[in-house]
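Note that the coordinates shown come from a computational prediction; the quantities given were computed from them, not determined experimentally. The basis for the numbers below is simple: all heavy atoms, side chains too, and nothing from hydrogens, waters or symmetry mates. Lettering follows sequence order; numbering is per chain, from 1.
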Amino acid sequence: MAGKIVLIDGHSILNRAFYGLPDLTNAEGLHTNAVYGFLNIMFKILEEEKPEYLTVAFDVHAPTFRHNMYAEYKGTRKPMADELRQQVPIIKEVLHAMGIKTIEKAGLEADDLLGTISRRCEQEGMEVSVISGDRDLLQLATEHVKIRIPKTKQGKTEVEDYYAKDVKERYQVTPKEFIDLKALMGDTSDNIPGVPSIGEKTATKIITEYHSIENAYEHVEEVKPPRASKALKEHWDLAVMSKTLATIHVDADFAYSLEEARLGNIYTEEAYAYFQRLQFKNLLNRFDVTAPSNAVEDGFTEIRERKEADRIFAKAGKALAVGVCVFKNTKNVLPLFAGQAGPGGIGICFGRENVFCIYAENDITMDYLVERVKEVSESVQVFSMFDIKAAMSYLEIGGREHSFDALVAAYLLNPLKNDYTYEDVAREQLDLILEDKAEDYVKVCYEAYTAWASIEPLTAKLKEEQMWQLFTEIEMPLVFTLYDMEQNGVKVEAEALRSYGAQLGVKIVELEKEIYDTAGEEFNINSPKQLGVILFEKMGLKGGRKTKTGYSTAADVLEKLAPDYPIITKILEYRQLTKLKSTYADGLAAYINEDGRIHGRFNQTITATGRISSTEPNLQNIPIRMELGRLIRKVFVPEEGYVFVDADYSQIELRVLAHCSEDAQLIQAYKEAQDIHRLTASQVFHTPFEEVTDLQRRNAKAVNFGIVYGISSYGLSEDLSIDIKEAKQYIEQYFKTYPGIKSFLDDTVKHAKEMGYVVTLFGRRRPVPELKSSNFMQRSFGERVAMNAPIQGTAADIMKIAMCAVNNRLKENHMKSRLVLQVHDELLVETYHTEVEEVKQILKEEMEQAASLEVPLVVDMHTGENWYEAK
DNA sequence: AGGTTCACG
DNA sequence: ACGTACGTGAACCTA
């Protein structure tokens, strides 16, 4: 019976996958990286081999894995990582769901199962491939049994293949002799002691000469070198035991039905459900099933005539809810405009049977579509889209109050994801999968359908998780405020920016020369690698902290290392200048629009905590701490006839902490408008308030920051350059001073460990899966995240409320002034000269009243002719 | 593509 | 013993 079978060493491959991939978790907090990696390796093998049969073998008792085995031998066995152990039953269930045969037998190791099955199959005349991460299995290799060892190299899986001849080539011994080789040299990672003082080289020499340990023992007096001869005599028992340990049984006695191992369709509905639950997005594409439940595509229709479109919009206007999307004309529809990426039409859905792709062609113009969509958005009860802010570049939306952005909803439900596509939402909320090869109109209809159909499940989930108010009252209004801000943009003086950059350029060239002179050669200063060679090898500085790739050359390291080496000072200055030039001077210049303004993007669905992020360019990290960098802010200017009014919250995060912790002393201090850092210093350092030194205050400030970040004594000690012990004492004193904060932070972490997430004052959730990790570092990270997220997130909530309120007041009052930037705790308003007082009033009122806390929210304001002056 | 560095809150 | 402060984005280098 000819044919081909693939045998997989289950635990070994799972183990490989586990250590080869970063930690992944699904929404339930299950760890999935090993399962994911296993499946990837398996699919790759199956595609290459296309076998008729497949079996995965496991040990009955989850073994300690290779890296632990030495420890086990030494009697200090560590348990298998919990995250890995949890995944063993999962992979078995997944395999069963795919109809794949698994085998495990009490009293037999997986190795023996693999060995025996491969021998039996070979005898039937089959070709066998054994997949394992374990080189011990090489002893099974023959002319027809191939051992395949997957290696994960830089994210890619490569497989080393060994037939008998390949083993011989690589190790100079036959597969059978490989056992004897192992018996002599041992395998620290595999519980095989071997013979002391015999390593790989000696063992290879002995086995190539004598072919077995028994034969070598018979000629033990002739064995060279003498050291090995002596060792073999003395430790013959060890050698024998090692050989027993290393030998894989190929004649074990157990029942195995090849027919059960026959591969059928592994892409079953059951498997599909599993993959979905585990969130293996990439792997889902392998399934052919368009939609396990139904065929929504039957309701999809293409529209190219005005008459039909009229009819559809009339019906849509009466619907309770509609889903809409816009599409561009890039590739297909209108060849005339190909490449210009203007709008090509819309998708609209108001029921399963009413899903349309309407093209802007023939007698349908885009203006017509924009007008109809605007009307529909006003008349329906729920108007849903993905990424409304992006769509607003093409469409007008009338009914802002009842708009529903499914992108934003999906983000709130899980803010940890990297991206949120409508395909994701369709899959997660509707159990729908779109085929990659679907026609364009199908994709358009599908997006509109998903926008419509996901309203209900998303709403239900938001309500269930008590985020509905957050969604409707904070996030949805914010969509439009952010859109306004993007449209407004901020004016930047291109010429001033250019000359600033040119000045930097001159200084950079000078510095470059000086650095080359000092170093005695030219090199790329921006290359940490080359710089490391110069500093640590050529100049003999002793390296401090190390990174994955070598010595760290980060500024704080270099400063501590050699504060008064002139070359270090120059390098740091060079870094500073090149950063300013490339990222800010040249970088920003590239974004100035024809209208003289930069229209950056403000992203609502990026951060884990609820903050907004800023890209293309990032306008939230314009320099301010160093004077030279701060000067850049002079190029950010209001238009003629306007000034800037800048308003920022004073210590908003600490105030939020005071409120949330209900710490009596901190609340009182804020009510009395005391200097918090000075007060903290006075308490922590037992110094009368009036006598607190600048240094003490500075240190106390660092402690306050640390608390917000989820304090650790190590972090604080690094920041303040003090002993960890000393930092510990600071923290202890701090918690004695503010006991409410201590108990609040403890409670927060406790809640997070129980529930798996933390919550802001306004109900925003952040899952913290790291808390379940068995890895100390990861778990500690989870604890800090749990402490920080409610504080940072609440502050973000408050700012979002404030900025919408400010924006709305400016618009309601028909003012010329406009909101142009948000920088987490700061708003910048380009203010018409006659409106300055009113704008200040609005900013102060709306920001300070955005939330009513146990402590006052305080806003500082400045005006100026540019951003530099206004801060 | 991933790592390092550094700009901001 | 483990090796860090929380949250971002951009430029540059290295592979």
field: Ion pair check, A:K634 and A:E493, cut-off under 4.0 Å
entry: no
statement: Rounded to whole Å, the CG-P distance (A:L619 to C:dT8) equals 18 Å
message: Tell me whether A:F685 at atom CZ has more than 12 heavy atoms from other residues, nucleotides or ligands lying less than 6.0 Å away.
response: yes
- prompt: Any salt bridge between A:E830 and A:K491, counting N to O under 4.0 Å?
  reply: no
- request: Tell me what A:I624 touches on the nucleic acid: a base, only sugar-phosphate, or nothing, going by heavy atoms under 4.0 Å.
  value: sugar-phosphate
- request: Would you indicate which nucleotide in C:dA11, C:dT4, C:dG7 comes nearest to any side-chain atom of A:T583?
  value: C:dA11
message: Base, sugar-phosphate or nothing for A:A702? Non-hydrogen atoms, less than 4.0 Å.
response: base
- prompt: Is the distance from OP1 or OP2 of B:dG9 to the nearest side-chain N or O of A:Q822 less than 4.0 Å?
  reply: no
- prompt: Hey, does the side chain of A:K529 come within less than 4.0 Å of C:dC12's phosphate (OP1/OP2), counting only N and O?
  reply: no
query: Under 4.0 Å: is that the gap between some side-chain N or O of A:S527 and OP1 or OP2 of C:dT14?
result: yes
message: Can you tell me if A:R784 touches the phosphate of C:dC6, counting only side-chain N or O atoms and a distance under 4.0 Å to OP1 or OP2?
response: yes
C:dA1: pairing nucleotide in any strand, Watson-Crick or G-U under 3.5 angstrom: none
task: Determine the contact category for A:E718: base if any of its heavy atoms lies under 4.0 Å from a base atom, sugar-phosphate if only primed atoms, P, OP1 or OP2 are that close, otherwise nothing.
output: nothing
- request: From the options C:dT8, C:dT14, C:dG3, select the nucleotide whose nearest atom is closest to the side chain of A:A608.
  value: C:dT8
message: Need one value for A:G706: base, sugar-phosphate or nothing, where a base atom within 4.0 Å counts as base even if backbone is also close, heavy atoms only.
response: base
message: Is it the case that B:dT5 (base atoms only) and A:R575 (side chain only) share a donor and an acceptor within less than 3.5 Å, ignoring hydrogens and angles?
response: no
- request: Would you kindly give the CD1-to-P distance between A:I707 and C:dT4, to the nearest whole Å?
  value: 21 Å
Candidate nucleotides C:dT8, C:dC6, B:dT5, ranked by approach to the side chain of A:Q792 - the nearest: C:dC6
field: Base-pairing mate for C:dT14 - Watson-Crick or G-U, with both contacts under 3.5 Å
entry: B:dA1
- request: Starting from P on C:dG3, measure out to NZ on A:K548 and report it in whole angstrom.
  value: 11 Å
field: Flag for A:S650-A:R655: side-chain donor and acceptor within less than 3.5 Å
entry: yes
query: Is there a donor on the side chain of A:R766 or the base of C:dG7 sitting less than 3.5 Å from an acceptor on the other?
result: no
- request: Could you tell me whether A:K701 atom NZ has more than 12 heavy atoms of other residues or ligands within 6.0 Å of it?
  value: no
message: On the nucleotide B:dT4, are OP1 or OP2 found under 4.0 Å from the side-chain N or O atoms that A:T547 carries?
response: yes
message: Using modelled atom types and a 3.5 Å cut-off, is there a donor and acceptor pairing between side-chain atoms of A:S614 and backbone atoms of A:L619?
response: yes
Options C:dG7, C:dG3, C:dT14, nucleotide nearest the side-chain atoms of A:F776: C:dG3
task: Take A:Y738 and A:Y734 through the test ring pair (Phe, Tyr, Trp, His ring centres under 6.0 Å) and record every step on the way to the result.
output: CA-CA 6 Å; A:Y738 305 115; A:Y734 186 94; 4.9 Å; yes
query: Hey, is the side chain of A:N524 poking within less than 4.0 Å of OP1 or OP2 on C:dC13, counting only N and O atoms?
result: yes
- request: Measure from the side-chain heavy atoms of A:Y584 and tell me the nearest of B:dA7, C:dG9, C:dC6.
  value: B:dA7
query: Side chain of A:S780, base of C:dT4: donor and acceptor closer than 3.5 Å?
result: no
statement: Picking from C:dA5, B:dA7, C:dA10, the nucleotide nearest the side-chain atoms of A:I711 would be C:dA5
- prompt: If we take the P atom in both C:dG3 and B:dA7, what is their distance in whole Å?
  reply: 28 Å
message: When the P atoms of B:dG3 and C:dT4 are compared, how many Å lie between them, rounded to an integer?
response: 14 Å
- request: Please tell me which of the listed nucleotides, B:dC8, C:dA5, C:dG7, lies nearest to the side chain of A:P623?
  value: B:dC8
task: Ignoring backbone atoms, establish whether A:R625 has a side-chain N or O less than 4.0 Å from OP1 or OP2 of B:dC8.
output: yes
message: Distance to the ring centre below 6.0 angstrom and angle to the axis at most 45 degrees; does that hold for A:K389 and A:Y483?
response: no
message: Does A:A555 reach a base, just sugar-phosphate, or nothing at all? Heavy atoms under 4.0 Å.
response: sugar-phosphate
task: Check the distance between B:dC8's P and A:R633's CZ and give it to me in whole angstrom.
output: 8 Å
message: Base, sugar-phosphate or nothing for A:V708? Non-hydrogen atoms, less than 4.0 Å.
response: nothing
- request: Measure the distance from NZ on A:K546 to P on B:dT5 and round it to the nearest whole Å.
  value: 13 Å
query: Given B:dA7, is OP1 or OP2 found less than 4.0 Å from the side-chain N or O atoms of A:K579?
result: no
- request: Ignoring backbone atoms, establish whether A:T549 has a side-chain N or O less than 4.0 Å from OP1 or OP2 of B:dT4.
  value: yes
field: Any A:S582 side-chain N or O less than 4.0 Å from OP1/OP2 of C:dC12
entry: yes
task: Give one of base, sugar-phosphate or nothing for A:T578, where a contact means two heavy atoms less than 4.0 Å apart.
output: nothing
- line: Taking B:dT5, C:dG3, B:dA7 as options, the one with an atom nearest any side-chain atom of A:A554 is B:dT5
- request: Starting at atom NE2 of A:H824, determine the distance to atom C1' of C:dC6, rounded to an integer number of angstrom.
  value: 12 Å
task: Looking at every strand, decide which applies to A:I791 at a 4.0 Å heavy-atom threshold: base, sugar-phosphate, or nothing.
output: nothing
statement: Rounded to whole Å, CE of A:M799 lies from C1' of B:dC8 at a distance of 14 Å
message: Classify A:A789 by what it touches in the nucleic acid, base, sugar-phosphate, or nothing, heavy-atom distance under 4.0 Å.
response: nothing
Main-chain N/O of A:Y868 paired with A:R630 side-chain donor or acceptor, under 3.5 Å: no
- prompt: How would you label the contact of A:F781 with the nucleic acid (heavy atoms, under 4.0 Å): base, sugar-phosphate, or nothing?
  reply: sugar-phosphate
message: Within the 4.0 Å heavy-atom criterion, would you say A:E616 contacts the bases, only the backbone, or no part of the nucleic acid?
response: sugar-phosphate
message: Between A:I622 and A:L588, is there a side-chain heavy-atom distance shorter than 4.5 Å?
response: yes
query: Within the structure shown, what part of the strands sits under 4.0 Å from A:N526 by heavy-atom distance: base, sugar-phosphate, or nothing?
result: sugar-phosphate
query: Atom OH of A:Y591 and atom P of C:dG9: how far apart are they, to the nearest Å?
result: 12 Å
query: Are any of A:S552's side-chain N or O atoms less than 4.0 Å away from OP1 or OP2 of B:dT5?
result: yes
query: Which nucleotide sits closest to the side chain of A:T607: B:dG9, C:dT8, C:dT14?
result: C:dT8
